[in-house]
Amino acid sequence: MYTRIDGKEVSAAVRENIKNEVSALKAQGITPGLAVIIVGNDPASRVYVNNKKKGCEQVGMNSFEYALPEETTTEELLELIEKLNNDADVHGILCQLPVPEHIDEEKVLNAISPDKDVDAFHPVNCGKVMTGDYRFAPCTPAGMVEMLKHYNIDIAGKHCVIIGRSNIVGKPMAMLMLKHNATVTVCHSRTQNLAEIAKQADILVAAVGRPKFVTADIVKDGAVVLDVGINRMADGKLCGDVDFDAVCEKTSYITPVPGGVGPMTITMLLKNTLEAAK
Ligand code: NDP
């Protein structure tokens, strides 16, 4: 028998705590505020931005949206970020990715003040995640740690295998797992004998971006499986990186897609905004 990790339930519990802390801050005259910048008309980005705004409302925070036209230049975006860096009502700033190709994404992310960088993408915050001394952890990995804690799943001493080494998921997840005393292995597209390695995982994290990449034969009996993948299938449905139906019976805990890791990401963004305001 396995337990399905319910990201919506964990998310609701964390948001309740955030809401209470926001109320306490408001009583002191501080309302946490998140500025969300969106450039262009990407429909998926629009959905994410709307959800982030809704999340802010739900916990009593302010959200400030800056919807800029597709033809916005890097310089114009940098000017806006500078203004927001100096705005005392704005505690967190995020620029929804991807930005249009003509915009210098690295310059934009580096312009956000590390103190307001609630996505934790700025090199200063990446460095802090590396040293283990951070205020903002990147939202998706932080959400997974929160889920493990919520279900009282031990991390210390466990072998955590992460498939994927992106800067926003795989690499920071490795750092957070190390901070929680796991033994960590990171796999990627050049990894040899990935199946053998994955099979040793007590905690297996799939952040590959390939539907049903993790099959039952590469999962150890009793493993905890966290599925980060969000893949849109031809029929419009979402599918994770894990073949859930085939894998679930082998696991002790597993996250579904949708309803697993996904709901936690925005919640951790709200948590980081609260931290910034504090
Ligand atoms: P990236 O594309 O940046 O990284 C994918 C990683 O998977 C890379 O490190 C790549 O290796 C590795 N990989 C690809 N193919 C293979 C393979 N055949 N064998 C082994 N490794 C492989 O993706 P992200 O990390 O940004 O996202 C991963 C997934 O998670 C996506 O589906 C994305 O939509 C989803 N996601 C979900 C979030 C959420 O809130 N739930 C948030 C962020 C992402 P290499 O480095 O060698 O190319």
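Remember, it's 1-based here, ligands and their atoms both numbered in the order they're listed.
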Discussion item. As an exercise, identify every atom of ligand 1 less than 4.0 angstrom from a heavy atom of Leu194.
Written reply: 20 (C)
Worksheet item: Does any donor atom in the side chain of Thr215 or Asp217 lie under 3.5 Å from an acceptor atom in the other side chain?
Response: yes
Worksheet item: Of all the non-hydrogen atoms in the protein, which one sits nearest to atom 29 (C) of ligand 1, and at what distance?
Response: Gly209 N, 3.7 Å
Worksheet item: Under 4.0 angstrom from ligand 1, any heavy atom of Cys187?
Response: no
Worksheet item: Does a sphere of radius 6.0 Å around OH in Tyr2 hold more than 12 heavy atoms from other residues, nucleotides or ligands, not counting ones at 6.0 Å or beyond?
Response: yes
Practice prompt. Decide, yes or no, whether a salt bridge links Glu65 with Arg46 under the criterion of side-chain N to carboxylate O below 4.0 Å.
Written response: yes
Worksheet item: What protein heavy atom sits nearest atom 33 (C) of ligand 1, and how far off is it?
Response: Ile230 N, 4.2 Å
Item to complete: Could you tell me the residue and atom name of the protein heavy atom closest to atom 43 (C) of ligand 1, and the distance to it rounded to 0.1 Å?
Response: Val169 CG2, 3.8 Å
Fill in: Within-cutoff protein neighbour (heavy atom, under 4.0 Å) for atom 2 (O) of ligand 1
no
Worksheet item: Does any N or O atom in Arg190 lie less than 3.5 angstrom from one in ligand 1, N or O only?
Response: no
Worksheet entry | Main-chain N/O of Glu82 paired with Asn86 side-chain donor or acceptor, under 3.5 Å | yes
Discussion item. For a salt bridge (charged side-chain N to carboxylate O under 4.0 Å, His left out) check, start with the C-alpha distance between Asp202 and Lys220, then their side-chain angles and the critical distance, and finish with the verdict.
Written reply: CA-CA 7 Å; Asp202 302 308; Lys220 175 166 133 180; 2.7 Å; yes
Worksheet item: Which atoms from ligand 1 have a heavy atom of Ala207 less than 4.0 Å away?
Response: 5 (C), 6 (C), 7 (O), 28 (C)
Fill in: ligand 1 atoms in contact with Asn231 (distance to a heavy atom under 4.0 Å)
32 (O)
Worksheet item: Which residue holds the protein heavy atom closest to atom 15 (N) of ligand 1, what is that atom called, and what is the gap in Å?
Response: Arg210 NE, 3.0 Å
Worksheet item: So do Phe244 and Pro256 actually touch side chain to side chain, heavy atoms under 4.5 Å?
Response: yes
Worksheet item: Quick check: does any side chain N or O of His122 sit under 3.5 Å from a backbone N or O of Asn110, one acting as donor and the other as acceptor?
Response: yes
Fill in: Leu109, Leu94, Ile93, Ile112 screened by side-chain contact (heavy atoms from CB on, under 4.5 Å) with Asp117, the one that passes
Ile112
Item to complete: Would you indicate which of Arg165, His188, Met264 comes nearest to atom 46 (O) of ligand 1 when only heavy atoms are counted?
Response: Arg165
Discussion item. For atom 42 (C) of ligand 1, what's the nearest protein heavy-atom neighbour? Residue, atom name and distance, please.
Written reply: Thr140 OG1, 3.3 Å
Worksheet entry | Side chain, backbone, both or neither: Val208 near ligand 1, heavy atoms under 4.0 Å | both
Practice prompt. Number the atoms of ligand 1 from 1 as they appear, then name those within less than 4.0 Å of a heavy atom of Thr265, with their elements.
Written response: 39 (C), 40 (O)
Worksheet item: Which is closest to atom 24 (P) of ligand 1 in terms of heavy atoms, Pro138, Gly229, Ser166, Pro258?
Response: Ser166
Discussion item. I want to know if ligand 1 touches Gly170 in the polar sense, i.e. an N/O pair below 3.5 angstrom.
Written reply: no
Worksheet item: Can you list the ligand 1 atoms lying under 4.0 Å from a non-hydrogen atom of Phe213?
Response: 17 (C), 18 (N), 19 (N), 20 (C)
Worksheet item: Is there a side-chain contact between Asp227 and Ile254 (heavy atoms, below 4.5 Å)?
Response: no
Worksheet item: Which ligand 1 atoms are under 4.0 Å away from a heavy-atom of Gly164?
Response: 6 (C), 7 (O), 9 (O)
Fill in: Distance under 6.0 Å and angle within 45° of ring axis: Lys271 vs Phe136
no
Worksheet item: Does any donor atom in the side chain of Asp241 or Asn231 lie under 3.5 Å from an acceptor atom in the other side chain?
Response: yes
Discussion item. Please report whether ligand 1 has a polar contact with Ser189, defined as an N or O pair separated by less than 3.5 Å (distance criterion only).
Written reply: yes
Worksheet item: Does a side-chain heavy-atom distance below 4.5 Å link Leu97 with Val99?
Response: yes
Practice prompt. Report the part of Val228 (side chain from C-beta onward, or backbone N, CA, C, O) that has a heavy atom under 4.0 Å from ligand 1; answer both or neither where that applies.
Written response: both
Worksheet entry | Carboxylate-amine/guanidinium proximity below 4.0 Å for Lys54 and Glu57 | no
Worksheet item: Short list, please: which atoms of ligand 1 are under 4.0 Å from a heavy atom of Gly262?
Response: 41 (N)
